[in-house]
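What you see below is based on every heavy atom in this structure, not just the backbone, and it leaves out hydrogens, waters and symmetry mates. Just so it is clear, the model here is predicted, and its values are computed rather than measured.
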Amino acid sequence: MNFKGKNYLIAGAASAIGTILLKSLSAKGANIYAMSRQDSTEWPDDIHYMPADVSKPVDGLAAFLPQQLHGLVYCAGSINLKPFARLTDDDFMNDYLINTLGAIRVIRQALPKLKASGNASVVLISSVAAQTGMAYHTSISTAKGALEGFALALAAEVANQQIRVNVVAPSLTDTPLASALLSSDEKKEASNKRHPLGRYGQPGDISNAIEFLLSENSGWVTGQVLPVDGGMGKLKMF
């Protein structure tokens, strides 16, 4: 997979998945444009960084980006698991702002730069819960379901401009965002058992799939939702 000299924007770059992806692409010679609420000491020194909160308008993003953008990854997200009866309008709106409208705002400003590259890839991150009914997930499933619908419609609209749009849909992954769900050995073992492959996800599992979708190796793939979930979404082992 050849990333040398190409330009990539990672929104939510300080997340666990974003940081691993950023470091991998940078090591392969890519130019990285990172946006997040804060930077990270784990990033290489040559990263282009823009502080931004994706729950708000991202003014200035277009000016921050290079003239050509070969890929865009939206890593920002939330986990808000509550019984439906306890979820407020604000809960639903906040999840939508972070997971869906934030991606829309970023892509809107980046789209001319993606077009200019002549061959670009957009990768969004959904959740296994968007297509698998899971208790206590109504708010995040609503937001991620909207994100998937947006991605498929956008993929159809920009295909003739040689811009591919795909989605990665993980199950539970060991990141700070999911720390409360993996806070004890008992919770970790229970999570392992819920997945047909016998373990919950690691950030590298997700970043590897994203890297594939950014690369020329997936050059004939667009409008797809790729489950990276240990079999959770489709397989029943009992």
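Around the CZ atom of Phe92, the shell of radius 6.0 Å holds more than 12 heavy atoms that belong to other residues, nucleotides or ligands. In this structure, Asp89 places its CG atom where only 12 or fewer heavy-atom neighbours from other residues, nucleotides or ligands lie under 6.0 Å away. Residue Glu157 places its CD atom among 12 or fewer non-hydrogen atoms of other residues, nucleotides or ligands, all under 6.0 Å distant.
Side chain of Ser26 to main chain of Lys23: no donor-acceptor pair is present (N/O by atom type, distance under 3.5 Å, no hydrogens or angles). Judged purely by atom type and a 3.5 angstrom limit, Thr19 uses its side chain to pair as donor or acceptor with the backbone of Ala13. With hydrogens and angles disregarded, a donor-acceptor distance shorter than 3.5 Å links the side chain of Asn2 to the backbone of Lys4. In terms of modelled atom types and a separation under 3.5 Å, the side chain of Ser127 and the main chain of Ala169 share no donor-acceptor contact.
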Ring pair (Phe, Tyr, Trp, His ring centres under 6.0 Å) for Phe3 and Tyr8? Distances and angles first, verdict last.
CA-CA 9 Å; Phe3 298 103; Tyr8 296 92; 5.7 Å; yes
task = List the steps and the verdict of side-chain contact (heavy atoms from CB on, under 4.5 Å) for Val167 and Ile125.
result = CA-CA 6 Å; Val167 179; Ile125 300 180; over 6 Å; no
Practice problem: Decide side-chain contact (heavy atoms from CB on, under 4.5 Å) for Val122 and Leu114; before the verdict, give the C-alpha distance in whole Å, the side-chain angles of both, and the deciding distance to 0.1 Å. | Solution: CA-CA 9 Å; Val122 174; Leu114 293 164; 3.8 Å; yes
Taking it one step at a time, do Lys115 and Leu111 satisfy side-chain contact (heavy atoms from CB on, under 4.5 Å)? CA-CA 6 Å; Lys115 290 179 182 178; Leu111 192 58; 3.8 Å; yes
With side-chain hydrogen bond (donor to acceptor under 3.5 Å, both in side chains) as the criterion, how do Thr173 and Gln202 come out once you've worked through the C-alpha distance, each side chain's angles and the decisive distance to 0.1 Å? CA-CA 5 Å; Thr173 304; Gln202 296 297 322; over 6 Å; no
Q) Val221 and Asn166: side-chain contact (heavy atoms from CB on, under 4.5 Å), yes or no, with the steps? A) CA-CA 8 Å; Val221 179; Asn166 293 289; 3.7 Å; yes
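Counting heavy atoms from C-beta on, the side chains of Thr222 and Val158 never come closer than 4.5 Å. For the pair Leu21/Ile10, a side-chain contact is recorded, criterion being any heavy-atom separation below 4.5 Å from C-beta on. Residues Pro51 and Met35 have side chains not in contact (no heavy-atom distance under 4.5 Å, counting atoms from C-beta outward). At least one side-chain heavy atom of Glu211 sits less than 4.5 Å from a side-chain heavy atom of Lys28. A 4.5 Å side-chain heavy-atom check between Glu148 and Gln131 finds at least one atom pair inside the cut-off. Looking at heavy atoms from C-beta onward, Gln68 lies out of side-chain contact with Lys113 at the 4.5 angstrom threshold. A 4.5 Å side-chain heavy-atom check between Thr132 and Lys234 finds every atom pair outside the cut-off. When side chains are defined from C-beta on, Gln109 does not count as touching Arg105, because their heavy atoms never get closer than 4.5 Å.
When every heavy atom of Ala103 is checked against every heavy atom of Leu147, the shortest pair comes out as CB-CD1, 3.9 Å. Considering every non-hydrogen atom in both Gly223 and Leu152, the closest pair reads O-CD2, 3.0 Å. Counting all heavy atoms, side chain and backbone alike, Leu182 lies closest to Lys188 at O-CE, 3.2 Å. The shortest heavy-atom contact between Val165 and Ala151 is CG1-O, 3.6 Å. Nearest heavy-atom pair across Ser121 and Leu213 is OG-O, 2.7 Å. For the pair Gly118 and Gln162, the tightest heavy-atom approach, listed with the atom from each and the gap, is O-CB, 3.2 Å.
Rounded to the nearest 0.5 Å, atoms CD (Glu42) and CD1 (Ile20) are 8.5 Å apart. With rounding to the nearest 0.5 Å, the separation of OG in Ser191 from CE in Met232 is 8.0 Å. To the nearest 0.5 Å, atom CG of residue Leu154 and atom CD1 of residue Ile104 are 9.5 Å apart. Taken to the nearest 0.5 Å, the OG atom of Ser141 stands 11.0 Å off from the CG atom of Asn80. Note that CD1 of Ile47 is 10.5 Å distant from CG of Asp39, once rounded to the nearest 0.5 Å. Taking CG of Asp174 as the start and OG of Ser179 as the end, the distance is 9.0 Å to the nearest 0.5 Å.
Residues forming a salt bridge (charged side-chain N to carboxylate O under 4.0 Å, His left out) with Asp205 (at least two apart in sequence, or on another chain): Arg199. Residues passing the side chain to side chain contact (heavy atoms under 4.5 Å, CB included) test with Leu197: none are found, sequence neighbours excluded. For Lys82, the salt bridge (charged side-chain N to carboxylate O under 4.0 Å, His left out) test picks out Asp91, with sequence neighbours left out. Asn217 pairs by the side chain to side chain contact (heavy atoms under 4.5 Å, CB included) definition with Met1, Phe212, Ser215, not counting sequence neighbours.
The hydrophobic cluster containing Leu177 also contains Leu81, counting ILVMFWY residues as joined when their side-chain heavy atoms lie under 4.5 angstrom apart, directly or transitively. Ile206 and Tyr200 sit in two unconnected hydrophobic clusters of ILVMFWY residues. Membership requires side-chain heavy atoms under 4.5 Å apart, directly or through other members. Taking hydrophobic clusters as Ile, Leu, Val, Met, Phe, Trp and Tyr residues chained together by side-chain heavy-atom distances below 4.5 Å, Leu69 shares a cluster with Met50. Both Leu72 and Leu65 are assigned to one and the same hydrophobic cluster, defined by single-linkage of ILVMFWY side chains at heavy-atom distances under 4.5 Å. Grouping the Ile, Leu, Val, Met, Phe, Trp and Tyr side chains by contacts below 4.5 angstrom, directly or via other members, places Ile17 with Leu22.
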N/O donor-acceptor pairs under 3.5 Å from side chains in residues 54-63, not counting sequence neighbours:
unit_1	atom_1	unit_2	atom_2	d
Ser55	OG	Asp53	OD1	2.7
Ser55	OG	Asp53	OD2	3.3

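Among residue pairs with one or both ends in residues 40-81, those qualifying as ring pair (Phe, Tyr, Trp, His ring centres under 6.0 Å) are Tyr33-His48, Tyr33-Phe64, Trp43-Tyr49; sequence neighbours excluded.
Leu124 pairs in a side chain to side chain contact (heavy atoms under 4.5 Å, CB included) with only one of the listed residues (Val168, Val106, Ile107, Val73), which is Ile107.
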